[in-house]
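Proteins come first, then strands; the chains are lettered A, B, ... in the order of their sequence lines, and each starts at number 1.
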Amino acid sequence: MTGYQEVVTDPSFFGQIVCLTYPLIGNYGVHAEDNQSRRPWVAGLIVREYCDPPSHWRAEASLGAYLERWGVPALHSVDTRALTRHLRVHGAMRGVLVSDRRGRSDDELRELARRAWTPDQENVVPAVQGERVTLGPANAPHVVVINCGVKRNIVLSLLRRNVRLTILPYGVTAEEVLGLDPDGVIVSPGPGDPTQAREAREMVAQVASSGVPFFGICLGHQLLALAAGARTHKLSFGHRGGNHPVRDLFTGRVWITSQNHGYCVDATSVPVDDGWRIWLVNVNDGTVEGLRHQYLPVFNVQFHPEVTPGPQDSQELFDLLVEAVQARWRNRPTRAALVLEQEVAQ
Amino acid sequence: MTKPSLVSSVLVIGSGLIVIGQAAEFDYSGTQALQALREKGVRSIIVNSNPATIMTDEDVADVVYIEPLTVDVLERVIARERPEGLLATLGGQTGLNLAVALAEVGVLERYGVQLLGTPLEAIRKAEDRQLFKELLLEIGEPVVESTIAYSVDDALRFAEQVPLPLIVRPAFTLGGTGGGVASSREELIEFVQRGIALSPIGQVLVERSLLGWKEIEYEVMRDARDTCITVCNMENLDPMGVHTGDSIVVAPSQTLNDRE
């Protein structure tokens, strides 16, 4: 369907072979604007039918040509329906893609698959994160983004709401983050098992309890949950796709969301006594999709409000954060003094 | 949006005759509505002029009227059955037109019938070309240059600003009947005259032709809690110029990228 370029360039898919369930892929080619990061991160792509040549006025190249340029193996004419059913029954698993299986026995290939590296066995965030970057207008609320594998549209969604951004690489300390005196902090999505990213936990705990508006997305949400003392567990085959219904427990409203996570927060482990509240839940399986706090300005979501791919409804969540960020910025003493100065001068 | 009060009996307006290529889905959607009402334990009354549909079978609705779908007949059914609610959104254009007509002559008010689902104002805004255009402008959505014409002169004046070809669309007709693409002044006059005659309110929309453009459709739903979702989108195989009913429609769209 749509969004295959966004999927292959999503850092959260680092080290994973992705099987797309929609049977026709590549229809509209690729365009640089749809890249969610600087390169594709998937280990491989599996599709039922590959569409070549693509049909779109904006296409710069075909999907196949793009993947080839980056050395990403891709396979078509696979019975993706059978593969999907297999994964849903047995869970996400190791696999191996071979271009020429002549001379290799089934046992050999199985052994290769068994010994395959997976992104769960170590902290893979450093592999996908980038350098320090500052973007946006000078005289605007300042949001710090901790880059664990941030998607381009998170950055764009914020810039569109008129904030100044400082994107910091994963591994920064709480002192460094708070030292920038931000009006808001976001911990981005990223690949791998959240319990592997131990170094970030202390930083997240300090930043989130500082009173600065905090927005954890996907991995960011899980890191905060762990920092708060909750537990995470691995889902059998994860939530992947753009049609996951999520209910806001406070208002009863349902959002259709874009999801891509293999781990989730244990509902029973959420430390309610410390003020944490389950805010959003998945309508299909009841799992935790968002957390808030009784008095701290924390908005945590498991899914992807920036979508790309997916339906744009949950973009509204960025408004929530930016409102809190703007409120903090407006109430700063320096700003208040400036306003007072102007009033006195008049 | 106010929560509708629970009703114990509902009158459903059927879609009438099925013409191939035109609103065939409303036959079955009406049937499904009756099944849903039954599941909810609501007394269902169906009025449909079409005897050749399972919608009018004995065991689908509680009461069946195989009668012409007119305001007169519906008023008599309402007077006899006294339904608490009216479901008119599953009978295609016919259902919508009748709902509006019944409201306007005061039948709904007189017998205390609640219009369920899409409210009257929304039906009007969607059907009346002018109101719809105003709505789009209000919410900042792009609109094709167009004008509402009640006479040939109205249309000709518009043609001075927006070049041919122009599309002529009569308001409130089934399947876009009476419309046409005018490539010449003569055709424009002919289509506008015909359209005004065919339209129940003597109104046609004249707009810039989008012949050759991609045609994409969306199914959307909204519930009483203001949850809005797009159920699916669809792409017409043929571009604008060929009516949806004459084309092939594929769900989901095939040539739009994610952002589009």
Side-chain angles (χ1 to χ4, degrees), chain A residues 1-10 21-36 49 51 53-60 63 151-153 156 241-248 251-258 283 304 306-316, chain B residues 1-6 36 40 117-119 122 135-136 138-142 144 208-242 244 247-260:
Chain A
M1 226 170 98
T2 65
Y4 48 77
Q5 193 181 343
E6 290 86 338
V7 164
V8 304
T9 54
D10 181 348
T21 56
Y22 189 72
L24 186 60
I25 297 291
N27 303 22
Y28 53 84
V30 293
H31 189 281
E33 242 180 50
D34 294 336
N35 284 339
Q36 290 305 305
E49 189 180 331
C51 173
S55 171
H56 201 274
W57 60 276
R58 211 167 139 263
E60 289 174 337
L63 174 63
K151 281 166 67 186
R152 195 159 160 270
N153 209 40
L156 292 177
N243 59 358
H244 292 258
V246 165
R247 178 179 292 121
D248 181 333
T251 64
R253 183 168 167 186
V254 173
W255 313 74
I256 301 292
T257 65
S258 212
V283 178
H304 290 267
E306 81 282 0
V307 287
T308 53
Q312 300 278 333
D313 316 1
S314 41
Q315 272 271 340
E316 276 182 47
Chain B
M1 203 167 136
T2 52
K3 233 186 146 192
S5 42
L6 292 169
K40 289 286 180 187
T118 313
L135 175 66
L136 288 178
E138 212 180 283
I139 61 177
E141 291 294 328
V144 167
R208 174 160 70 101
S209 166
L210 294 177
L211 235 54
W213 286 44
K214 264 189 219 188
E215 190 167 348
I216 312 283
E217 301 172 54
Y218 285 83
E219 291 291 339
V220 295
M221 252 171 61
R222 180 185 184 186
D223 72 7
R225 254 196 249 244
D226 213 26
T227 296
C228 304
I229 64 170
T230 305
V231 177
C232 75
N233 76 349
M234 295 158 281
E235 183 166 354
N236 278 231
L237 206 70
D238 293 289
M240 291 283 290
V242 179
T244 295
S247 182
I248 295 172
V249 179
V250 180
S253 64
Q254 295 296 315
T255 65
L256 297 182
N257 65 25
D258 188 74
R259 194 189 310 227
E260 287 166 337

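Of the atoms belonging to A/Asn243, not a single heavy atom falls under 4.5 Å from chain B. Residue contact with chain B, scored on non-hydrogen atoms closer than 4.5 Å, involves the side chain of A/Tyr22 exclusively. When heavy atoms are compared at a cutoff of 4.5 Å, A/Pro311 does not approach chain B at all. Heavy-atom distances place no part of A/Gln312 under 4.5 Å from chain B, backbone and side chain included.
Electrostatic pairing of A/Asp34 and A/Arg58 counts as a salt bridge here, judged by a charged N lying under 4.0 Å from a carboxylate O. Ion pairing between B/Lys214 and B/Glu260 fails under the 4.0 Å rule for side-chain N and carboxylate O.
Counting heavy atoms from C-beta outward, A/Arg152 and A/Glu306 have side chains that stay 4.5 Å or more apart.
Atom CD1 of B/Ile139 sits in a crowded spot, with more than 12 heavy atoms from other residues, nucleotides or ligands closer than 6.0 Å.
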